[in-house]
J.: 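Below is a structure I'd like to ask you about.
Every chain is numbered from 1 and lettered A, B, ... according to where its sequence line falls, protein lines coming before strand lines.
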Amino acid sequence: MALKLKFNTSEPGFWVSGVAHAAMLTAAMIGLSSVAEFPEAQEGIPVEIITDNQLSQITKGETNAKTVQQKPRAERVADKTEQKDPGEDKRDAPAPPKRPAEMKVADKEEPVAAQPPPPAPPTKSQEEKAAEAKAVEEKKLIEKAEAEAIEKAKAAEQAKVEAEAKAKAEAKAKAEAEAEAKRVAEAKAKAKAEAEAKAKVEAEAKKLAEAKEKAEAEAKARKEAQLAKKLDMGDLKQFLDSKEKNQSTGATGAEVQKTASLGTATGSAAKLSPSLRDALIGVLVSQIERCYSAPIAASGGQVTAPVLDIRLNQDGTLSTEPRVLQAGSSSTDRAVADAAVRAIRKCRQFEIPAKFAPYYTDWKVLNVQFDPPLS
Amino acid sequence: MNPADVAQAAPVAHDMSFFGLFWQAHFIVKLVMLGLLAASVWCWAIIVDKTLLYSRTKRAMDRFEDVFWSGQSLDELFRSLQSRPATGLAAVFVAAMREWKRSFEGSGRSFQSLPQRIDKVLDVTIQREVERLNSRLTVLASIGSAGPYIGLFGTVIGIMNSFTSIAASKNTSLAVVAPGIAEALFATAIGLFAAIPAVLAYNKLQSEVGKLQSRLEGFADEFSAILSRQIDERIGHAGHHPANAA
């Protein structure tokens, strides 16, 4: 090695290089000492691929159920065999009645409107005031008299019981009691008359006050209505809040099934297994065969079986006209297909065994391959 | 050892700084790293030295050519250069002049093969000069070509080491595997760090040596032409002293 460890101005390479490396290492140690961490990784979502057929067969059920049950959930047997989804029943509560524009203020202004009456009395005349005071006094008197009368009557009764022997006393007491009663009646009548008079006066005053109030309120209401026409958030909010809470309606079905079945809420199929489907098609074909009369052309030789599109209601009647989906090209084949369609129309209603009822969504539309019977 | 313990201990134990990476590495990997670091220092030392040397040589050549073509007497120039060790063009000039002088100093004047001798001397001198310029450039070439391999060697050893430790701890979580691999890759990083400047500098310096060499050869050819013309003149009218030439 030709390196000299003594510093030489003509060959300073070693020292320059050494110092530069040392400086760089130091910088790297200081600058790169901390490691940047990756951001928290999100877990991947497993994706499964399912076929169209599988998708259409997605079991109807609830996503939080544990296993797939044979039948969808039904808490009770419906009187009408109607399949209802389990879960929430969404109902709209009627919107609260909307006030007409001129009434808009009525509720809101209640505290304000309620206030005027107290100031109203001062508008009454002195005379009225006096009458009122009098009436109050009289009322008090009447009350007092009444109380006295009751007391006295009680005493009288007691006396009556006590002093059967003392006829004299009895007679006296009776007379007294009668007199008292008379007095009371008189006082009552007087009070009544007085009260009526007072009421009349009051009513007149009230009418006046009310008329004034009404005019004021109307003016105010008109103003408010103009404002309210623009936008009333409170009203909107009330309207939006008016939905009733969802309530659970028991799911109904053909058979009771207490355990929820695993599946999706939007799934359409109560699962109809392939074998069941074949059985149903067999039932249908045998019924079609009963109605079928073979065209003469088809009596001999090979015939391509037509595929028919049959749409059924739940009771087995046809929901739409049957159609030929697929038929052979020859005239014989077409004749057979037409005959099959005629047979379906002739049958009109198929007898669907009860065990298929829960799977109606699955056999609502059926593509049936109809093999014409050899006859 | 319980894998769970390992998994828990692993993230704590690993320091990812440069020094940490170095310190946790396997013994062999450490040696490789140190060796590569030393190579890097050496390589940069050579680069600095050579760059300075070439620029100095170039400047000296420029100055010498200026003096040489200024019309100064060659004897005078020779006398001024003779006293100290000359490099570059001066060395070529001094060597040729010395041979020339020797041919005339002795009693028996030997002109016959003087041009050949001068050519030989010039060739040898040029070779020596180029050798001096070229020295240690091979180190750069070696570092440039071998550096990545040495680093890779360190990496392979490091990865082997980390795999054996995975096998030992029976845990393949990335947190266990990653630090070992990071350490191992650090060796390759150092290898590349040393090799890349070495390769670039080698190519640059090599081309500069080529330029200087062609310049030396050009001067030698010209000088040799001048000297052979002188020799022919001397042979033409023998008896004259060659010192008055030029």
J.: What are the two closest non-hydrogen atoms of B:S40 and A:S17, and how far apart are they?
T.: O-OG, 4.1 Å
J.: State, with a plain yes or no, whether a side-chain heavy atom of A:M29 is found less than 4.5 Å away from one of B:F22.
T.: no
J.: Using a 4.5 Å heavy-atom cutoff, which residues in residues 86-99 of chain B come close to chain A?
T.: none
J.: By ring-ring contact (aromatic ring centres under 6.0 Å, His included), which residues pair with B:Y54, not counting sequence neighbours?
T.: none
J.: Does B:M160 have more than 12 heavy atoms from other residues, nucleotides or ligands lying within 6.0 Å of its CE?
T.: no
J.: Around atom CD of B:Q206, are there more than 12 heavy atoms of other residues, nucleotides or ligands at under 6.0 Å?
T.: yes
J.: If every non-hydrogen atom of B:D49 is compared with every non-hydrogen atom of A:P12, which pair is closest and at what distance?
T.: OD1-N, 3.4 Å
J.: Does atom CD (B:Q127) have a neighbourhood of more than 12 heavy atoms from anything else shown, all under 6.0 Å?
T.: no
J.: Between CH2 of B:W42 and CZ of A:F14, what distance do you get to the nearest 0.5 Å?
T.: 11.0 Å
J.: Is any side-chain N of the basic residue among B:R136 and A:E11 closer than 4.0 Å to the acidic one's carboxylate O?
T.: yes
J.: Is the number of heavy atoms from other residues, nucleotides or ligands within 6.0 Å of NZ (B:K30) greater than 12?
T.: yes
